[in-house]
Amino acid sequence: MSITLPTTPAPVPPSGQTSGLSSSLDLAAERAVDRGLHLEGEVAAHPERFRVLTGERPTGPLHLGHYFGTVANRVRLQQLGVEVLLVVADYQVITDREVAGDVRGAVHEIVLDYLASGLDPARTTVFQHSAVPALNQLMLPFLSLVTVAELDRNPTVKAELAASGAASMSGLLLTYPVHQAADILFCHANLVPVGKDQLPHLEMTRLVARRFNQRYGAGYFPEPDGLLSAAPTVLGTDGRKMSKSGRNAIALRDDADATARAIRSARTDSEREITYEPDRRPEVANLLLLTALSTGRSPQEIAAEVGGRGAGQLKQLTTDALVAHLAPVRARRAELAADPAVVAETLAAGAARANALADATLADVRRLMAMA
Ligand code: TRP
């Protein structure tokens with residue numbers, strides 16, 4: 001199967017927008033950004049020294065926030081020659097949900113989104129948790145390395161509990177950061193591109209690696225680095241961060257009409273003159289950002305061009321830019337979706353590779369723990 005690669009959007013310098021996370025994470029995030037700049041240089045010079053693992057929960061099709069943020073970055077790393085593994089984190093879907101959902105359908109849509117965006121299954125490993133038993137088994141020794149107090153301190157887990165509206169924390173919600181450590185360490189990944197909400201999980205991963213190494217085998221696991229994306233946060237049509245659950249998203253799989261409708265309905269403000277001021281005018285800035293990401297131009301330049309012609313004109317420009325930029329990706333997606341085997345083949349190949357790595361790691365771990 002050959003995949004034609006769409007052009008990846010040009011990187012845009014970080015804007016002042018934040019995703020509204022607690023300031024306790026901001027310091028860690030700043031450190032990660034600094035370290036990320038250094039790592040970017042290393043990755044470009046020595047791609048063969050890095051193994052990337054990242055992924056997401058299959059809770060719905062990917063939207064433009066994912067596409068311009070995380071997915072474009074993965075495609076870029078793949079093109080640099082870094083080995084990339086992507087976990088479709090199906091066991092994490094049940095951390096904060098009490099009813100069954102169509103996980104299988106969501107996995108299918110995400111894999112189509114990946115392939116259409118330019119992730120090449122010949123080079124990038126795409127797999128589900130539930131297809132890699134040895135990965136899941138690593139959670140048992142890893143759980144023995146952390147305390148309940150450490151699990152209790154994770155701000156992202158607390159935020160997810162609050163957002164879920166559930167009355168109490170499930171055992172899996174409390175411990176899934178350790179499961180995530182297994183996702184990362186089973187393949188000895190040393191680089192984990194994530195958003196800053198995931199940094200506490202990365203700290204947990206580093207803690208697990210460090211303690212395992214101290215107790216059972218010096219140097220066995222790497223302590224992986226997080227790589228924060230330089231792409232600014234894409235907002236949804238209501239001015240809040242674009243999210244699968246927020247009903248404010250434009251999905252990658254949407255068609256041109258749905259995209260035009262969503263942009264037309266997007267919130268703006270009452271000022272006629274268009275300017276790029278992410279802090280003061282986040283909604284207008286977001287339209288400029290989407291246009292910039294789609295065209296490789298700067299948001300400031302686009303703002304100057306629209307000038308006094310107002311938000312209506314800007315929306316037209318944004319729609320045209322998005323629709324044109326996404327057309328090849330969407331055409332490719334439709335082609336892939338019409339092939340009944342492509343998703344299953346991608347996941348089977350990914351599972352075979354992930355299982356080989358996970359089986360070897362579990363065998364090492366059991367040997368180091370004197371179990372085998
Ligand atoms: N927890 C991540 C999320 O909710 C998804 C995820 C699972 C992940 N395993 C991972 C991300 C490993 C990075 C590395 O988005």
Side-chain angles (χ1 to χ4, degrees), residues 19 21 25 32 36 50-63 65-67 69-71 73-74 77 82-97 101 103 106-107 110-111 113-114 119 124-132 135-136 138-139 142 151 154-164 170 172-209 221-229 233 241-246 249 350 354 357-358 361:
S19 56
L21 266 149
L25 287 181
F50 291 88
R51 182 177 279 170
V52 162
L53 182 126
T54 187
E56 53 251 310
R57 301 168 197 218
T59 54
L62 299 184
H63 54 61
H66 299 118
Y67 174 73
T70 54
V71 176
N73 191 38
R74 294 168 192 175
L77 290 166
V82 179
E83 181 177 1
V84 178
L85 295 101
L86 298 179
V87 60
V88 183
D90 53 0
Y91 274 135
Q92 274 185 21
V93 170
I94 54 171
T95 51
D96 58 0
R97 126 168 359 174
V103 180
V107 171
I110 284 188
V111 174
D113 287 331
Y114 286 167
L119 289 163
T124 291
T125 301
V126 180
F127 68 96
Q128 299 164 256
H129 277 145
S130 60
V132 187
L135 181 164
N136 297 300
L138 285 173
M139 186 164 177
F142 286 3
L151 292 167
N154 188 307
T156 297
V157 167
K158 287 183 196 160
E160 283 167 349
L161 176 64
S164 77
S170 78
L172 185 61
L173 181 54
L174 181 68
T175 56
Y176 90 82
V178 179
H179 192 230
Q180 189 154 327
D183 295 346
I184 295 166
L185 296 177
F186 92 90
C187 62
H188 295 253
N190 54 6
L191 197 59
V192 186
V194 281
K196 70 175 173 175
D197 63 321
Q198 298 292 305
L199 291 177
H201 302 348
L202 208 75
E203 281 311 311
M204 177 58 80
T205 301
R206 295 167 61 87
L207 183 71
V208 165
F221 283 119
E223 281 186 45
D225 277 301
L227 190 64
L228 283 186
S229 154
T233 305
K241 182 178 174 183
M242 193 175 279
S243 90
K244 286 178 192 166
S245 51
L357 292 165
T361 301

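Just so you know, ligand 1 is whichever comes first in the structure, and atom 1 is the first atom listed for that ligand.
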Asks: Please name all residues satisfying salt bridge (charged side-chain N to carboxylate O under 4.0 Å, His left out) with Asp113, sequence neighbours left out, ordered by chain then number.
Replies: Arg333
Asks: With a 4.0 Å cut-off on N to O distance, would you call Arg97 and Glu160 a salt bridge?
Replies: no
Asks: Side chains of Thr175 and His179: does their closest heavy-atom pair fall under 4.5 Å?
Replies: no
Asks: List for me each residue that meets salt bridge (charged side-chain N to carboxylate O under 4.0 Å, His left out) alongside Glu56, sequence neighbours excluded, and say none if there are none.
Replies: Arg74
Asks: Within a radius of less than 6.0 Å around OH of Tyr91, do more than 12 heavy atoms belonging to other residues, nucleotides or ligands occur?
Replies: no
Asks: Sequence neighbours left out, what passes side chain to side chain contact (heavy atoms under 4.5 Å, CB included) with Thr125? Give chain and number order.
Replies: Leu85, Phe127, Arg353
Asks: Can you give me a line-by-line list of nitrogen or oxygen pairs between ligand 1 and the protein shorter than 3.5 Å?
Replies:
| unit_1 | atom_1 | unit_2 | atom_2 | d |
| --- | --- | --- | --- | --- |
| ligand 1 | 1 (N) | Gln92 | OE1 | 2.9 |
| ligand 1 | 1 (N) | Gln180 | OE1 | 2.8 |
| ligand 1 | 1 (N) | Gln198 | OE1 | 3.0 |
| ligand 1 | 4 (O) | Arg57 | NE | 2.8 |
| ligand 1 | 4 (O) | Arg57 | NH2 | 3.4 |
| ligand 1 | 9 (N) | Asp183 | OD2 | 2.6 |

